[in-house]
Structures are given as C-alpha cells and as structure tokens.
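One structure is given below, encoded as structure tokens.
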Amino acid sequence: MKKKLVPVIAVLFLVFIILVGIIIGKKIKQFMPSNEQQNLDTYFGISSEDEAAIELNHDLVEEKALIRDGAVYLDYQYVHDYLNDRFYWDANENILLYTTSANVVKVSADSKEYYIGRKKDSKPYKIVLVNVDKTYIALDYVAQYTDLTYERFEEPNRILLQTQWGTIKKAGIKRKTQVRVKASVKSNILKELTKEDIVTKLEDGDEWTKVTTEDGLVGYVQSKRLGTETEETESHEFEEDTFLHQVRDYAINMAWHQVTVPEANNSIANVLQNTKGLNVISPTWFYLNDNDGNIANLASADYVKYCHTQGVEVWGLVSNLENKDVSTTEVLTHTSKRENLENQIIAAAIQYGLDGINVDFEALESAVGEGFIQFIRELSLKCDGNGIVLSVDNYVSSEYTKFYDREEQAVFADYLVVMAYDEHYAGSAESGSVASIGFVTKGADDILAEGVPAEQVILGMPFFTRVWSEKLKDGDGDDVESASDDYIPYELSSEAVGMLSAQRLMEVNGAEKTWLDQMGQYYTEYVNNDVTYKIWFEDVKSIEEKLKVMKSHEFAGASFWKLGLEDPAVWNTIIKYIH
C-alpha cells in the first residue's frame, strides 16, 4: 500500500512545484520592467507623411502642422489663438494681413510675394495655403513677427515650439535608463537614455520625474537615475514693436455736438459760448452710408476754423448707426471695402482740417469683432501719418463686449472713450439710473483691468436723464398672464431729457427729490393721471461724483453726451476737475 502511494505523492508534489513556479513567474513578471517600445507615430498622433506633431512649451497639442514642399505650415486659427493674434485673415478676399506700428503687411493666398506697405518683398516658399476648410501660414513667416523659436525633427515629423522663456532645470543620466510614456516600469519605452544624454526636468517626483529629451519626447524617468540638477536661463532675442501715441499733455475736456443736418453747423458760436473750458468738440458729421464703405458727410470747414479760433480741437465723429440698410459686418470683413472706408475718413479729415477722428461703432455682432479691430489698426496708421488723433468710443466692459478687445484697441488708438452711461436705456426691462456711481466706477475699474493705460482713457458722462413712466395694464390680475411669476403689471416706457427739463418736470408735478448716496444721484417719483413717473437725476452734483472717479483713476479727461442738454452751471464744476 505504501509503495502505491509514493508515485501519487510524487505527482502531487510535482504539480505543486509547477504551480508555485507559475505563481512566482507571474509575480516576477509583474515587477519586471517592460521592454516594449512605444510606436512614435501613434504617440504623436501622426497619420500621414505631410503631418507634423506640435509641442508648444513641452505640451503636445491636438493641432497638427502641415509639411508642404519642405516648409512647415500652421493653421491660421491656431496661430491667431495661441501665438500671435495680430494676424488677420480675410476669408472673403483671401488676404492675410499683419499690422505693425508702421505698416500693414499684406499677402494673398498661394503667393510667395508680400507687401510691406507699398514695398514688395518675397519668400522662397508660399506664405499662405488655403485648403477646403483651413488656412495655413508658413511658420517661418509667423516667426518673423512673433516672439518664438522652433525646432523641427523627423521620424516622425514634429515641431518643438517655444514661446516662454526663463529658468529651467536640467539633469544628466547616472546610468543607462529609459524615458517611459507613464510613471511605471510597465509603461512603454519612448527612448533609451545613456550617460551622454541630458534631460530637462518638468515635474519633480520622489520615484518618477517628468522630463523632456532634447528631441522633444516628454515622458517619465526614474528619479534615482537622474544626476546632479543644474539651472539654465533660456532667452530669445526678439525686438518687440514699439507703438507711440498722440496723447495731449493736458486733460481732455470734450463734448459731443449732435449734428443731423448741415444747417446745424451754423450754431457753433452759440454752442461754444454756453461752455467753459471745453478743448475738444466732436460733431456727429460722418456715418457709414453703404455696403461699399462710403460715408455720408455733414462737415463744415467754417465750423472747424471757428473752433480753432476759440482754441478748441475738432474730432469728427464717424458712426455706423444712421443708415439702417448698411451692414457694418459686410464692410469691415472685406479688406477692399474697409480700406475704402478708412480712405474716405482720412480724406475728409484732411479736407476739413480736423484735429482728430472719433469712431463710434456700436451694436456690432461678435462675428465682426476681428474685422473691427483690424479697422482700428489700419485707421490708426493712416491717422498717425497725417497727425490726426484717433479716439474710439466703447461700452463699459462686459462679457458680451469682449470682442471689442479694448486692450488691442489701446495699442493702436490714441484714446479710448468709455461711455459710462446707458446703464438703463430705452427698451430696458426695468426702470433705473442712466449712470449710477457704482456703474461708472466699475466701468472705470474694468477698463484698467483689461490692460488699457489710464493716460489713454477718457471717461464718458451723460448730460441727459431718463424720465420713466409706469402705466398699469388694463385688467391687471384678471387673466392667466398676470399669474406668472415674472409678470410685470405695468407698461414701461422712457424719454431722454436734458438736466433742466427733468428738474422742471419734478417742480411742475410738486415732487421732491432725495439724494441717494449709493447711486450718487438725486431721485424722485410722482403720479400723474394714474401713471407713475420715476427720475434718477443727472445734474451738477451727480456729474461731480463722476468727475471724482475720473480724477481718482488718473484718466486723460472726460467727454459729455451731448451739448445742449446740460445745466449751464455744470461747466463751473467741470473746470474745477479739468483744467
């Protein structure tokens, strides 16, 4: 019996030994480093020979470069969004523009030639390529105007772009090791490293350190394999463009003069006589009048001559609001039409001897934002070349007006006017102040936060007040609509009136006004024929509160809309703050 059990026990023991071996083998394999090499085409997402991966400041991005005839091209939108947003692509006329402090640089699609102003130059490659759905710019051309460097590697094609400079940490390799895709010995190998290699450290870790190799492979190395750390300072010599501005060495005391017919120009003597300390007047003379960029013109040379005899500069206003049949988007997004508009503005400024131009383009749609900025860039160069001051009217900052790009405006324009009014306007859902002090102060704070220098900001203030009327709706409370939570039980309307007109309305209706500190204004309300009227007054005292904001923010001055609506006494207060 014992002899029969010996073979069974031997077999069981053998099975046991095999099982233990398998378990130990699996455990050993679990901790053994992987020898599998990472496919670099897959790592970089390369799917064709004319593609190149892009690493921007050591980060692999989704966008791919294009290799064509030996040159590297980047998608225009990527260049605009991440490298240099001063490039402007006119998709309607297939023209790429770049505006420097001295010239507009222009190149047509599929051309090796480009124009710096009127001077022609060329490259050994096509500068702009247009596909069905994308526009590409040669990277060497982009680098001509952008603070960047790049290196190009092959097998696979990849571009290492750098736009950030400063101190970096480097380390040598103690002994042969690997750069792996992830921080694990089981991760695939990107590259074998030897003692001759040096890596740049991106993120330090106890066990693994994120690094980049000299040929742009970003991965992980075991920290114990790295040698002594050294620091290097990276720099790139790039001459930034310098922009100068025609800013006055005195505070601007400006007001808009609404001119709707040529005959209104004849009243300029009386208009100025009612002011004090005014040194700039902006008559509403020009407006966009068709979709080809032509303007309507109400200007008067005699008006300008008279203002000059009184020591007052004339900054003619150009608007886009008068002709409702005109598409501002159509004009500003076509280079030929935009240039026609600019040329007409400059020709008029020279013809009438204007000191400045005041651009008042309002109610723009976001799709025209870049076209508007390009308009300001181009117009500024033409103004500067003719000694004409360029000012641009702007809404107070908000999420939905970001596309006006006030910081870029300030690079090219001489002054930005913040229209710190219309907090509540005709069509508002509720009644309220035209320009409460909180609204004005926030508008002043925000434009500085957007990067606009204080010495280029003119604070716009209202000479008008809105008289709000709330008339109860017929049958209020008797229908389904009235039961809604957001139901407004009255019909709301308003009328813009001058300072003295608002005061007279209050007096005629036997009302009294109360000063509201938090609003920086007087307020009144009264009932007449079952209609409730509400007024947040603009007067001498409210304007003084706004002038204090201008002064505390060290702005270039103030501007007022519009002449003829003010209480004459307000000028005595204005000249206390603007000398």
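Panel note: side chain Asn265, backbone Leu298; a donor-acceptor pair is recorded below 3.5 Å. For Asp405 (side chain) and Ile373 (main-chain N/O), no donor-acceptor pair under 3.5 Å exists by modelled atom type. At least one donor-acceptor pair under 3.5 Å links the side chain of Asp290 to the backbone N or O of Asp292. For the pair Asn157 (side chain) and Ala52 (backbone), a donor-acceptor distance under 3.5 Å is absent. Using modelled atom types, one side-chain atom of Lys64 and one backbone atom of Glu62 make a donor-acceptor pair closer than 3.5 Å. The backbone N or O of Leu74 sits nowhere less than 3.5 Å from a side-chain atom of Lys134 that would complete a donor-acceptor pair. For the pair Glu423 (side chain) and Ser436 (backbone), a donor-acceptor distance under 3.5 Å is present. Although no hydrogens or angles enter the test, the distance criterion places no donor-acceptor pair under 3.5 Å between the side chain of His424 and the main chain of Arg466. Without hydrogens or angle criteria, Thr333 side chain to Thr329 main chain gives a donor-acceptor distance under 3.5 Å. The backbone N or O of Gln164 lies less than 3.5 Å from a partner atom in the side chain of Asn57, making a donor-acceptor pair.
A salt bridge (Lys or Arg N to Asp or Glu O under 4.0 Å) with Arg86 is found for one member of Glu408, Glu407, Glu240 and no other, namely Glu408. Test Arg377, Lys106, Lys382 against Glu339 for salt bridge (Lys or Arg N to Asp or Glu O under 4.0 Å) and you get one pass: Lys106. Applying side-chain contact (heavy atoms from CB on, under 4.5 Å) to Thr163 and the options Asn84, Asp147, Thr146, Leu56 leaves one that passes, Leu56.
Atom CD of Glu55 sits about 9.5 Å away from atom CZ of Phe153, to the nearest 0.5 Å. Atom-to-atom distance recorded for Glu232:CD and Thr200:OG1 is 7.5 Å, nearest 0.5 angstrom. To the nearest 0.5 Å, the span separating CD on Glu313 from CG on Asp355 amounts to 4.5 Å. The distance from atom CG of Asn253 to atom OG1 of Thr275, rounded to the nearest 0.5 Å, is 8.0 Å. The CG atom of Leu565 lies 8.5 Å from the CD atom of Gln258; values are rounded to the nearest 0.5 Å. Interatomic distance, Leu202 CG to Ile168 CD1, rounded to the nearest 0.5 Å: 9.5 Å.
Nearest heavy-atom pair across Arg152 and Ile67 is NH2-CG2, 3.4 Å. Minimum interatomic distance between Ala109 and Trp89 (heavy atoms only, all atoms of both residues): CB-CH2, 4.1 Å. Across Ala420 and Leu459, no two heavy atoms sit closer than the pair CB-CD1, 4.0 Å. Contact between Val549 and Ala444 at its shortest, heavy atoms only, is CG1-CB, 3.8 Å. Taking both residues in full, the closest heavy atoms of Ile578 and Ala251 are given as CG2-CB, 3.7 Å, listed atom of the first, atom of the second, then distance. Residue Glu93 comes nearest to Ser336 through the heavy atom pair OE2-OG, 2.6 Å, listed as atom of the first residue, atom of the second, then distance.
For Phe372 and Tyr404, the ring centers are positioned less than 6.0 Å apart. Between Phe243 and Phe412, the distance from one ring center to the other falls under 6.0 angstrom.
Under 3.5 Å, the side chains of Asn297 and Tyr287 contain no donor-acceptor pair of N or O atoms. Side chain to side chain, Tyr303 and His257 meet the donor-acceptor criterion of an N or O pair below 3.5 Å. Side chains of Trp256 and Asn358: a donor-acceptor N/O pair is present below 3.5 angstrom, by distance only. For the residue pair Asn394/Gln409, the side-chain donor-acceptor check at 3.5 Å is satisfied. Side-chain contact check for Asp302 and Ser300: no donor-acceptor pair (N or O, by modelled atom type) lies under 3.5 Å. Thr42 and Gln38 share no side-chain donor-acceptor pair at under 3.5 Å. In summary, the side chains of Asn320 and Thr328 do present a donor paired with an acceptor at a separation below 3.5 Å, with no hydrogens or angles considered. Side-chain atoms of Asn291 and His334 form no donor-acceptor pair, as typed in the model, at a separation below 3.5 Å. Side-chain contact annotation: Asn294 with Gln344, donor-acceptor N/O pair under 3.5 Å present. For the residue pair Ser398 / Thr401, a side-chain donor-acceptor distance below 3.5 Å is found, with atom types taken as modelled. Under the 3.5 Å distance criterion, with hydrogens and angles disregarded, a donor-acceptor pair is assigned to the side chains of Gln162 and Glu234.
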TODO: Give the intermediate values and the outcome of side chain to side chain contact (heavy atoms under 4.5 Å, CB included) for residues Leu547 and Met461.
DONE: CA-CA 9 Å; Leu547 288 166; Met461 307 180 195; 3.7 Å; yes

Task: Worked check of side chain to side chain contact (heavy atoms under 4.5 Å, CB included) between Ile447 and Arg406 - done: CA-CA 8 Å; Ile447 196 163; Arg406 283 163 275 262; 4.3 Å; yes

TODO: Check the pair Val318, Asp360 against side chain to side chain contact (heavy atoms under 4.5 Å, CB included), reporting the backbone distance first and the verdict last.
DONE: CA-CA 6 Å; Val318 184; Asp360 184 40; over 6 Å; no

- [ ] Go through Val128 and Ser108 one step at a time and tell me if the side chain to side chain contact (heavy atoms under 4.5 Å, CB included) criterion holds.
- [x] CA-CA 7 Å; Val128 181; Ser108 297; over 6 Å; no

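Comment: Arg158 engages Asp215 in a salt bridge, judged by a side-chain N to carboxylate O separation of less than 4.0 angstrom. Between Glu113 and Lys123 no salt bridge is recorded (no basic side-chain N to carboxylate O distance below 4.0 Å). A salt bridge is defined here as a Lys NZ or Arg NE, NH1 or NH2 lying under 4.0 Å from an Asp or Glu carboxylate O, and Arg338 with Glu378 meets this definition.
Ser319 is not listed as a side-chain neighbour of Phe361, based on a closest heavy-atom distance of 4.5 Å or more. Residues His80 and Glu370 are in side-chain contact: their nearest non-hydrogen atoms beyond the backbone lie under 4.5 Å apart. For the pair Lys210/Val218, a side-chain contact is recorded, criterion being any heavy-atom separation below 4.5 Å from C-beta on. Side-chain contact between Val259 and Thr284: present, with at least one pair of heavy atoms (C-beta onward) separated by less than 4.5 Å. Between Ile281 and Trp315, the closest side-chain pair of non-hydrogen atoms is not below 4.5 Å. Side-chain contact between Leu139 and Leu161 is present, with heavy atoms from C-beta onward closer than 4.5 Å. Using a 4.5 Å heavy-atom threshold, the side chains of Thr465 and Val434 count as separate. Put simply, the side chain of Tyr415 reaches to within 4.5 Å of the side chain of Ile252, judged on heavy atoms.
Tyr141 meets the ring pair (Phe, Tyr, Trp, His ring centres under 6.0 Å) test with Tyr114, Tyr145; sequence neighbours excluded. Every residue was checked against the ring pair (Phe, Tyr, Trp, His ring centres under 6.0 Å) condition with Phe286, not counting sequence neighbours, and none meets it.
Atom CG of Asn131 has more than 12 neighbouring heavy atoms from other residues, nucleotides or ligands inside a 6.0 Å radius. When the shell of 6.0 Å around OH of Tyr425 is examined, it contains 12 or fewer heavy atoms from other residues, nucleotides or ligands.
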